Amino acid sequence: MRKKIVAGNWKMNNDLVATNTLISELLKKEKTSNAEVMIAPTFVNLLEASKLLKDSSIIVAAQNMHFAENGAYTGEISATMLKSVGVNTVILGHSERREYFNEADNLLKLKVDKALEEEMKIIFCFGEKWEDRSVGNHFMVVESQIRNALFHLEDENWESIVLAYEPVWAIGTGQTASPEQAQEMHAFIRNLVKEHYNSAISEEVSILYGGSVKPENAKEIFGKNDVDGGLIGGAALNADNFIAIVNAF
Ligand code: PGA
């Protein structure tokens, strides 16, 4: 059975003190669901987060990484650096990386390949903008984002891939996709994977929804057949809200 996952993307929030505080609050909360829980703090606090969560079931993920092994890439972080601080999972392709840092499919493909070579797990994000959906292009956009960055992979690589559908118009806007819109897209994505690979892979891959998930709407969204969890931004910055979302399963 495919995994249920709730991952908190902290983005560029929480300094060292706030990271400590939020993690200790998360550790005190009672988790009643069996969903896998992840948090993605900023790079500089990954080591601290790894240390604090060493004996817990909460997994620490990075928000990005570079495709090269090492070298002259000022300001960048490699997979081996992440692994050296206990981080084996990375978020790739977030819409903010695509939008503000020009990360396009061809670059993301290189990052995916590097992460897999380093035996890391990947949460691969994609999603359409409002301008795409408003003219009915959302399926086409999502299909090409997935196809261009992932469909060269071998069957066995898919064990390391989690997909995250995040419609850009729903991120940080308070305007969540309806559970029906999420389900419709998730079913489309699962079918795409089935057609290109096979149903064993498509049935096993977890597909998360992201975009204004809150304790108030999590249950209904997670209740949909093809929604296997969430990638949570704003609501992950508060321990009560985040754990309430985790416990929505
Ligand atoms: P949001 O962000 O929950 O604040 O909308 C989601 C995300 O960007 O992953």
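In this text, all values refer to a predicted model and were calculated from it rather than measured experimentally. Numbering of ligands and ligand atoms starts at 1, following listing order.
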Touching ligand 1 at all, Ser212? Heavy atoms, strictly under 4.0 Å? yes

Looking at ligand 1, would Gly210 count as a contact under a 4.0 Å heavy-atom criterion? no

Nearest protein heavy atom with distance in Å, relative to atom 6 (C) of ligand 1: Gly233 N, 3.5 Å

Just by distance, with hydrogens left out, do Thr19 and Asn45 show a side-chain donor and acceptor under 3.5 Å apart? yes

Decide whether a cation-pi geometry holds between Arg97 and Phe101; the criteria are a distance under 6.0 Å from NZ or CZ to the six-membered ring centre and an angle within 45° of the ring axis. yes

Supply the atom-to-atom distance Asn64 CG to Ile77 CD1, rounded to the nearest 0.5 angstrom. 9.0 Å

Do the rings of Trp130 and Trp169 sit parallel, tilted or perpendicular, given the 30° and 60° boundaries? perpendicular

Asp105/Arg98 ion pair, N-O < 4.0 Å: yes

For Glu128, the option from Gln145, His138, Arg133 that meets side chain to side chain donor-acceptor pair (under 3.5 Å): Arg133

Could you check atom 9 (O) of ligand 1 against the protein and tell me its nearest heavy-atom contact, residue, atom and distance included? Glu166 OE2, 2.6 Å

Under a heavy-atom criterion of less than 4.0 Å, does Lys11 contact ligand 1? yes

Return yes if a side-chain donor-acceptor contact under 3.5 Å exists between Thr32 and Asn247, otherwise no. yes

When you measure from atom 4 (O) of ligand 1 to every protein heavy atom, which one gives the shortest distance, and what is it? Gly234 N, 2.8 Å

Within a distance under 4.0 Å of any heavy atom of Gly172, pick out the atoms of ligand 1 and give their elements. 1 (P), 4 (O), 5 (O)

Would Ala235 count as being in polar contact with ligand 1, using the rule that some N or O on each side must be under 3.5 angstrom apart? no

Other hydrophobic cluster members with Phe67, side-chain heavy atoms of Ile/Leu/Val/Met/Phe/Trp/Tyr under 4.5 Å, chained? Leu107, Leu110

Please state whether Ala170 comes within less than 4.0 angstrom of ligand 1, counting heavy atoms only. yes

Looking only at N/O atoms, are His94 and ligand 1 under 3.5 Å apart anywhere? yes

List ligand 1 atoms under 4.0 Å from Leu231, heavy atoms only on the residue side. 6 (C), 9 (O)

